[in-house]
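These numbers come from a predicted model, not from an experiment. Numbered from 1 within each chain, the chains take letters A, B, ... in sequence-line order.
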Amino acid sequence: AKDDITIGVRLEPPHLDPTAGAAAAIDEIVYANIFEGLTRIDQTGSVKPALAESWTISEDGKTYTFTLRKGVKFHDGSDFDASDVVYSLDRARGEKSVNAQKALFEPIESVTAKNANTVEVKLKRPTGNMLFNLGWGDAIMVDPASADANKTNPVGTGPFKFSKWTKGDSIAISRNDAYWGDPAKLKNATFKIVGDATAAIASLMAEDVDAFPQFTAPEMLPQLQSDPRFKVVIGTTEGETILSTNNEAEHFKDVRVRKAMAHAINRQSIIDGAMFGQGTLIGSHFAPHHPAYKDLSGVYNFDLDKAKALMTEAGLENGFKARLHLPPTDYAQRSGLIIASDLKKIDIELEIISVDWGQWLKQVFKGKDFDLTIVSHTEPMDIGIYARDDYYFNYKDANFKALIKELNATSDETKRNELMQKAQEKLNADAVNGYLFQLAKTGVWNAKIKGLWANSPVQANDLTDVEWMD
Amino acid sequence: MLLFALRRFVSLALTLLAASLVIFAIMEILPGDPAELILGINAQADTLQALRQELGLHLPLLERYWNWITSMFAGDFGTSYTYSVPVLDLISERLIVSFPLALFALTLSTLLALPLGLLAAAFRNKWPDWGMMGLTQLGIAVPNFWFAMLLVLAFAVTLRWFPSGGFPGWEAGFWPGMKALLLPAIALALPQASILARIMRSSMLDVIHEDYMRTARAKGLNQTQTLLRHGLRNALIPVITILGLQFSFLLAGTVIIENVFFLPGLGRLVFQAITQRDLITVKAVIVLLVATVIIVNFVIDLTYAAIDPRLRKKKGA
Amino acid sequence: MSLLSIRSLNLSIQNKPILNNINLSLEAGKCLGLVGESGSGKSMTALSIMHLLPHHSHLSGAITLDGEELTKLDEKQLCERRGDQMGMIFQEPMTALNPLKTVGNQIEESLLLHRDMTRKEAEQHSHHLLERVGLSPARYSPNRYPHQLSGGQRQRVVIAIAIAMRPALLIADEPTTALDVTTQAQILELLKELMEEEQSALLLISHDLAVVADMADHIAIMKEGEIVEQGPVPQLFDTLSHPYSQNLFEASTHSPIRTKPPLFYDDAGLSAENRILSADQIVRDYSLPRQFPYLKKRHFRAVNHLDLAIHRGQSIGLVGESGCGKSTLARTLLGLDAPQKGSLLVGDHNPFTAQRDDLISVRKDIQIVFQDPNGSFNPRHPVGRSVAEPLHLHRHSVSAQEREEKVAQVFNQVGLNPKHAHRYPHEFSGGQRQRLAIARALITKPKIIIADEPVSALDVSIRAQILDLLTQLREELDLAYLFISHDLSVVREITDEVLVMYQGQIIERGKTREVFDNPTHPYTQSLIAAAPNLEATIQRRRNSA
Amino acid sequence: MSESMSQQNAIRVNALRSPSLLIGGLITLVFITLALLSFVWTPHDALSVNIMERLKPISGDYWLGTDQYGRDLFSMIMLGARNSIAVALVAVGIGMGLGVPIGTWAAARGGWLDEALMRTGDFIFAFPALISAIMITALLGPGAINAIIAIGIFNIPVFARLARGAALSLWTRDFILAARLSGKNAVHITWEHILPNIANLLIVQGTIQFSLGILAEASLSYVGLGTQPPMPSWGKMLFEAQTMMAFAPQLAIIPGLAIIFTVLGLNLLGDGLRDVLDPKTRQRQDGDLLS
Ligand SMILES: Nc1ncnc2c1ncn2[C@@H]1O[C@H](COP(=O)(O)OP(=O)(O)OP(=O)(O)O)[C@@H](O)[C@H]1O
Ligand SMILES: Nc1ncnc2c1ncn2[C@@H]1O[C@H](COP(=O)(O)OP(=O)(O)OP(=O)(O)O)[C@@H](O)[C@H]1O
Ligand SMILES: [Mg+2]
Ligand SMILES: [Mg+2]
Ligand code: NI
């Protein structure tokens with residue numbers, strides 16, 4: 001069978017070191033292929049052992065002891081042991097750290113090597129998510145000798161080795177024959193950067209690219225589904241696509257206005273119109289495939305009369321004008337168009353302002369100078385952002401903060417789920433943002449390929465089990 | 001000649017310096033902080049500060065400009081914010097795609113346009129002329145990205161003769177590389193060729209009416225001989241001017257065409273770099289592009305002299 | 001049997017008749033002169049012989065060359081005849097050569113085309129040809145490009161190309177119109193030599209009767225596409241019967257009648273207060289376009305340390321070959337182009353430093369008639385508006401109605417119908433336009449008019465009218481003239497005093513008669529000797545016949 | 001009076017004889033009418049989204065069908081025409097309004113000022129236009145106004161050069177000298193003599209720049225920097241349609257054809273104007289040496 005594959009990705013990573021940048025594009029290439037962490041998150045989103053064979057958690061939930069796998073080697077031949085773990089975690093949380101998710105490591109008090117295969121991690125307080133967090137790309141294990149060069153020449157412990165980066169075009173990796181686990185089935189894999197949706201379609205049809213794990217032109221899916229050459233796999237992502245609302249902006253301060261908007265927006269028609277049917281309705285900031293998910297998607301049904309009534313109640317029966325900042329993604333641009341048309345029906349006139357990511361970050365995210373914007377929050381389990389004072393939603397609710405505080409201190413699974421459901425209800429009740437839909441993972445690949453992830457609980461294209469069938 | 005070269009060099013340097021100043025100034029007022037873009041939305045203030053230090057973004061404006069200019073003279077274009085590799089490497093990697101592409105398109109359009117223009121002029125007001133004029137009108141009117149779309153649809157998706165885009169790299173061989181560049185080059189060349197053919201035609205028509213053409217006929221040369229031996233070279237002079245001007249358009253055209261064909265070229269680099277606020281790369285690429293345009297026009301000046309003896313320095317005349 | 005014979009030739013272009021029943025014949029070794037005013041069809045007759053007519057032309061009749069009927073040949077056969085049996089020298093030496101090829105190359109081309117020659121042989125032969133036409137390859141390298149040669153030298157190259165194959169028939173279409181008189185004389189001499197040595201027949205086309213009278217054995221006079229009269233020289237001049245040919249002959253030797261006595265520079269009546277214009281040591285440089293951008297600028301000195309003073313009522317001629325700086329001087333005197341050095345006074349003011357009001361009063365006194373009647377009117381303004389333009393100087397004192405009246409008045413003065421004031425320039429003939437230019441110069445009632453070649457663009461009969469007009473106006477209005485021309489015969493007829501200009505300087509000055517009869521400066525001597533003079537030529541031909 | 005009438009008649013007759021002028025003028029007129037009409041009437045509301053009605057084929061109700069949001073394509077083309085034409089027109093206006101005075105001023109003044117202005121023009125030319133447009137829109141934010149500025153700036157040196165070149169050659173003409181002798185100053189002369197004589201050239205170049213402006217706006221919108229949603233623009237429509245080429249090719253073909261036709265129309269109009277207004281090309285028709 002064929003033993004090489006070309007995978008299309010949308011964005012080119014700025015570099016290849018997942019510990020030094022937020023870009024999802026980095027993880028999509030290197031995570032689980034080149035780099036591994038102590039734990040890993042599998043297709044279903046559950047935590048599995050990786051470089052740590054096993055672990056124990058102390059009673060108080062503050063001490064984690066990891067037993068490391070033996071005989072693991074980095075691609076450059078050096079051994080992986082406890083000192084590498086200490087180095088990696090200290091580097092990520094240290095003063096000079098440029099880790100984009102430094103906050104994940106904030107609860108860690110100390111990391112010590114008990115012996116060559118045992119590491120003890122002490123926390124400042126119990127942190128229920130710790131094992132999951134250690135499975136993030138930002139927490140991968142690196143070797144002190146090669147760490148600084150990882151941006152251009154990543155050296156990890158994974159089943160694939162980095163081989164070549166043709167900037168702007170592709171990144172090639174090849175099988176690591178000295179892998180500690182079951183070796184990969186593919187010999188070579190190339191990640192080809194195809195930014196443009198049109199180009200993606202063309203390259204797929206021309207069979208220049210074998211797979212697009214995240215195909216960004218949902219309008220083409222019916223077409224591709226009926227083509228026997230391809231397999232279309234719809235999975236889930238961690239991306240809650242929301243109409244982010246500035247809760248301190250004039251008019252939007254008023255929960256009645258926010259609720260009116262929730263009733264005025266026909267979310268199913270957004271999924272149909274913008275995403276061509278791909279996506280799941282949500283009612284809060286939580287991924288539907290998660291065990292703690294509570295389906296609140298029906299709370300605000302599409303009801304223009306109710307919406308108008310709410311507007312009248314808020315004293316805004318004549319409507320008002322507002323701005324809608326749209327980042328340069330298809331889903332945002334398309335949803336924005338429909339939302340603008342929807343809200344016009346309750347006399348909210350939206351001025352659409354397209355911005356690139358730089359401007360979006362500066363003006364919307366940091367400057368909080370916006371009314372509405374549309375963005376997909378792709379970090380897994382990120383409901384905690386609503387408790388952050390400085391976050392751009394400007395949602396400053398004491399009750400919610402207390403909820404999250406309690407959640408962070410809890411490690412009991414059922415208790416946690418309960419709290420999380422409460423948090424979801426709270427957000428839904430306050431209609432903090434417009435909760436539109438959970439972004440679907442629409443993967444398209446050659447029908448003969450097996451083993452690609454259908455869902456993406458973390459941003460990754462794990463190729464370990466991928467193979468061609470005849 | 002030495003003096004000439006020196007003066008020309010000084011003026012070239014001055015123009016470039018002015019250009020660099022303008023570019024630097026524009027880059028400075030572009031909204032967006034590169035450090036934030038690199039680290040994403042969850043980054044913390046101290047991390048950002050650390051990165052800013054690393055990138056040298058904390059220095060005062062003038063000092064930054066000075067550092068940039070001086071190191072550029074030393075051949076150091078800085079390190080890309082987003083790719084963390086020397087900008088020079090980045091550019092040279094892209095250049096080996098963009099430069100052949102521009103050259104390919106230029107050659108293609110010239111090879112296509114000149115004979116067509118000549119033919120149309122020779123058959124003025126007959127069907128080859130009408131045909132060519134109609135086609136070139138269309139060629140100018142068709143947006144090149146749209147044409148590119150059609151090309152992909154026809155030759156990559158349906159016929160599968162050429163790749164739909166991407167670039168395998170020259171190490172994959174010369175032909176695969178050329179094959180990848182052919183469709184983009186055609187899309188780029190179409191409007192250029194149309195304009196060029198029209199210029200060639202009208203320039204040839206101007207020349208046809210020159211007295212020396214009649215002199216040539218009076219010597220006993222037939223029409224074709226007259227056109228080729230006496231007309232062509234004279235007609236080329238205005239064509240070359242346009243060719244020089246077009247180069248700049250060609251470079252601009254590559255931005256869009258490289259996007260359509262997802263070619264790893266300079267145009268896409270600069271486009272990406274602008275949206276990612278990789279300002280150091282943007283600055284370098286634009287300086288490079290502007291320099292290219294200025295240098296190309298200089299070469300055009302020299303070409304004039306090669307073609308037209310009237311522009312050469314008088315020697316003992 | 002004659003070498004060339006043309007029988008009932010008719011030509012029409014796009015159904016417009018151009019030539020009508022032309023009959024001509026020419027013997028080997030003889031010269032046939034073809035004269036007639038501009039547009040009469042001389043060039044078209046020549047091109048009919050060569051079969052190089054414009055597109056959409058229809059030719060009928062018979063043209064036989066050396067017993068062969070040319071109209072029956074196909075294009076390929078014609079190509080073989082052209083250059084080989086018939087050569088042609090074209091009207092414009094400046095543009096008849098390909099600017100991008102060396103002259104040697106352009107001569108060799110026809111040799112290589114018609115003879116089985118190696119490049120080497122062709123090169124040798126072309127050197128020989130250049131020697132023949134007086135451009136010794138040792139002095140003037142055949143590797144030069146046309147722009148490196150003067151007009152006369154270029155015309156010699158064109159002749160060398162035409163005679164390269166020793167054609168039996170040589171057609172020379174106005175071979176000297178673009179050249180100055182001294183060069184013209186040389187070229188005509190060369191043609192004569194060639195006829196003698198090669199026994200070629202020459203068809204010489206010109207609108208200058210004097211030139212043809214000198215060269216031809218036989219003359220045909222054309223008018224509006226027809227031959228109105230032809231005959232042998234010099235007998236033809238005694239028997240001119242057609243009114244047009246008589247008119248042509250008279251106009252060529254026309255001299256206006258003057259009543260007022262001439263006014264010379266040494267007259268006691270000329271005093272300082274009568275002085276209208278004076279120039280002292282003026283210099284005018286043109287900066288030439290740079291050969292390359294950023295290369296040092298080059299200059300061309302068109303007027304070189306020149307002194308001049310003009311008083312009321314004087315009529316002064318300024319002569320000199322084409323390009324010697326006459327027009328430049330005129331523009332400088334008018335205060336349009338600032339001189340680089342020297343001082344200039346118009347009235348009592350320097351036009352470049354004077355106050356605005358002074359300048360206006362100065363401008364009222366001095367006007368110009370431009371060299372080119374086509375270019376001196378804005379094609380988009382009715383001529384009345386252009387003629388009235390100098391009244392801008394009087395805009396505070398002249399009402400719209402007065403303006404109309406003044407325009408009507410000057411129109412009448414120059415013999416034009418005031419009703420035509422609303423017409424556009426292209427609706428007037430060349431002669432009428434020249435009258436309009438004069439009308440414009442007169443409208444402010446100036447004291448001096450600078451007339452820059454006011455007749456050079458006109459054909460002989462109109463030229464005579466304009467000269468009469470100028471003389472008459474001078475008599476009536478007591479104007480001073482600076483009359484610029486390179487045509488000596490014109491200057492001789494209408495000026496009292498003459499300045500001879502050579503390469504930006506005045507080299508001789510004196511009473512017109514005296515200078516013409518007794519030139520002292522060698523350049524003036526050669527100029528006067530070379531100037532064709534119809535009456536003198538006819539006299540000479542009569543004597544030798 | 002009769003004579004100047006005859007001149008006008010000659011132009012009129014020529015205009016009728018020039019097929020490119022007729023066809024070009026007609027096409028341009030159609031699109032301008034559509035654009036103007038869109039202010040008061042469109043068959044449907046081009047901005048209202050109606051997902052139920054999406055991707056409808058051509059029908060009596062939807063003359064050109066609907067797009068993926070159920071918007072009426074014909075209404076969008078009308079609105080797009082308005083945007084495209086407005087952007088291009090204002091950009092050409094900026095180019096002419098600033099370029100022509102600069103060019104004629106440079107020609108009248110000469111010397112260092114001329115040199116400085118023309119070098120500045122060269123300098124602007126040295127920046128590949130689209131890249132600079134991208135920079136400008138990155139600087140000012142995307143949007144129609146900024147697209148106009150970006151495109152307009154590049155029109156300035158085009159017109160400045162053209163006006164200067166033509167004016168320079170006019171300044172040496174005798175009729176200008178005559179005007180100077182009549183005591184008229186440079187402004188006066190430029191207004192009375194220079195401008196009327198270069199108007200033809202400017203009009204013809206104007207149509208060319210106009211068509212280039214439409215293409216430039218399309219390109220900018222195509223990369224997301226031109227007209228902003230929800231306002232449709234042809235370039236934007238093309239961009240949105242291209243992923244649907246396989247099953248809804250009409251979405252890409254219709255705006256593509258609209259661009260092609262408008263640009264074609266303008267080019268033909270320019271060609272035609274040149275033939276009609278320039279007596280030289282009229283004569284050229286008869287004076288062929290070859291063929
Ligand atoms: N290409 C052409 N198409 C139509 N008519 C032409 C063409 N060339 C010349 N004519 C006309 O043919 C007539 C004769 O022109 P021709 O050139 O023979 O005059 P000419 O006697 O040589 O005048 P000149 O002394 O000015 O050279 C003129 O009325 C002219 O307008
Ligand atoms: N604008 C200019 N730039 C450079 N050189 C010029 C310019 N105008 C004229 N000359 C040169 O200056 C010299 C004098 O020109 P000018 O027009 O005064 O000659 P002229 O005596 O009037 O000739 P003609 O009898 O042909 O009218 C010529 O050699 C000409 O080539
Ligand atoms: Mg002639
Ligand atoms: Mg002159
Ligand atoms: Ni024809």
Side-chain angles (χ1 to χ4, degrees), chain A residues 6 11-17 20-24 95-104 106 151-152 164-170 192-196 198-209 328 355-363 365-367 375 377 379 382 385 391-392, chain B residues 30-48 50-51 53-54 80-85 89-90 93-94 97 148-149 152-153 155-160 162-169 171 258-266 268-269 272 274-278:
Chain A
T6 305
L11 289 173
E12 176 167 35
H15 57 78
L16 297 177
D17 183 356
E95 194 148 305
K96 287 207 332 241
S97 161
V98 288
N99 198 306
Q101 307 293 344
K102 201 175 165 188
L104 292 181
E106 188 270 334
K151 282 185 173 176
T152 49
K164 184 173 183 311
W165 185 359
T166 312
K167 295 241 165 44
D169 183 60
S170 59
K192 196 154 185 85
I193 296 120
V194 186
D196 198 58
T198 322
I201 294 171
S203 60
L204 195 69
M205 302 293 265
E207 294 181 23
D208 293 335
V209 173
V355 289
D356 62 34
W357 279 119
Q359 287 163 317
W360 189 86
L361 277 176
K362 190 179 169 84
Q363 191 184 349
F365 189 75
K366 262 198 83 195
V375 74
H377 282 249
E379 290 80 6
D382 54 351
I385 53 180
Y391 216 69
Y392 74 114
Chain B
L30 272 185
D33 177 355
E36 274 170 24
L37 270 150
I38 296 173
L39 292 175
I41 58 182
N42 287 340
Q44 288 174 345
D46 54 337
T47 334
L48 284 173
L51 190 65
Q53 291 268 358
E54 195 187 312
S80 160
Y81 295 159
T82 50
Y83 286 124
S84 317
V85 291
D89 292 357
L90 211 57
E93 269 172 14
R94 301 298 184 105
V97 179
M149 262 158 65
V152 172
L153 205 65
F155 294 102
V157 175
T158 313
L159 294 173
R160 303 245 212 122
F162 299 98
S164 62
F167 188 69
E171 61 275 5
E258 283 173 5
N259 265 311
V260 176
F261 289 94
F262 51 107
L263 290 173
L266 268 190
R268 204 149 67 105
L269 178 66
Q272 269 173 7
I274 286 177
T275 48
Q276 294 172 358
R277 290 295 174 280
D278 189 355

Could you look at V152(B) and say if it's the side chain, the backbone, both or neither that has a heavy atom under 4.5 Å from chain A?
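Only the side chain of V152(B) comes within 4.5 Å of chain A.
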Sort L90(B) into side chain, backbone, both or neither according to what part of it lies under 4.5 angstrom from a heavy atom of chain A.
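Side chain only.
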For I193(A) versus F262(B), what's the shortest heavy-atom pair and its separation?
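Answer, listing the atom of I193(A) first, then F262(B): O-CD1, 3.8 Å.
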Determine the minimum heavy-atom distance between P264(B) and D169(A), stating which atoms define it.
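Shortest heavy-atom separation between P264(B) and D169(A) comes out as CG-CB, 3.5 Å.
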Kindly determine whether R160(B) and M205(A) satisfy side-chain contact (heavy atoms from CB on, under 4.5 Å), including the steps that lead there.
CA-CA 9 Å; R160(B) 303 245 212 122; M205(A) 302 293 265; over 6 Å; no
Listed by chain and number, what are the ring-ring contact (aromatic ring centres under 6.0 Å, His included) partners of F155(B), not counting sequence neighbours?
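Once residues adjacent in sequence are excluded, the partners of F155(B) under the ring-ring contact (aromatic ring centres under 6.0 Å, His included) criterion are W161(B).
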Which residues pass the side-chain hydrogen bond (donor to acceptor under 3.5 Å, both in side chains) test with T166(A), sequence neighbours left out?
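Per chain and number, T166(A) pairs via side-chain hydrogen bond (donor to acceptor under 3.5 Å, both in side chains) with K164(A).
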When heavy-atom pairs shorter than 4.5 Å are enumerated against chain B, which of I201(A), T152(A), V194(A) gives the highest number?
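Top count of heavy-atom pairs under 4.5 Å with chain B: V194(A).
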Quick one: which of E95(A), K192(A), E12(A) has the most heavy-atom pairs under 4.5 Å with chain B, could you say?
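Sorted descending by pairs with chain B, the first entry is E12(A).
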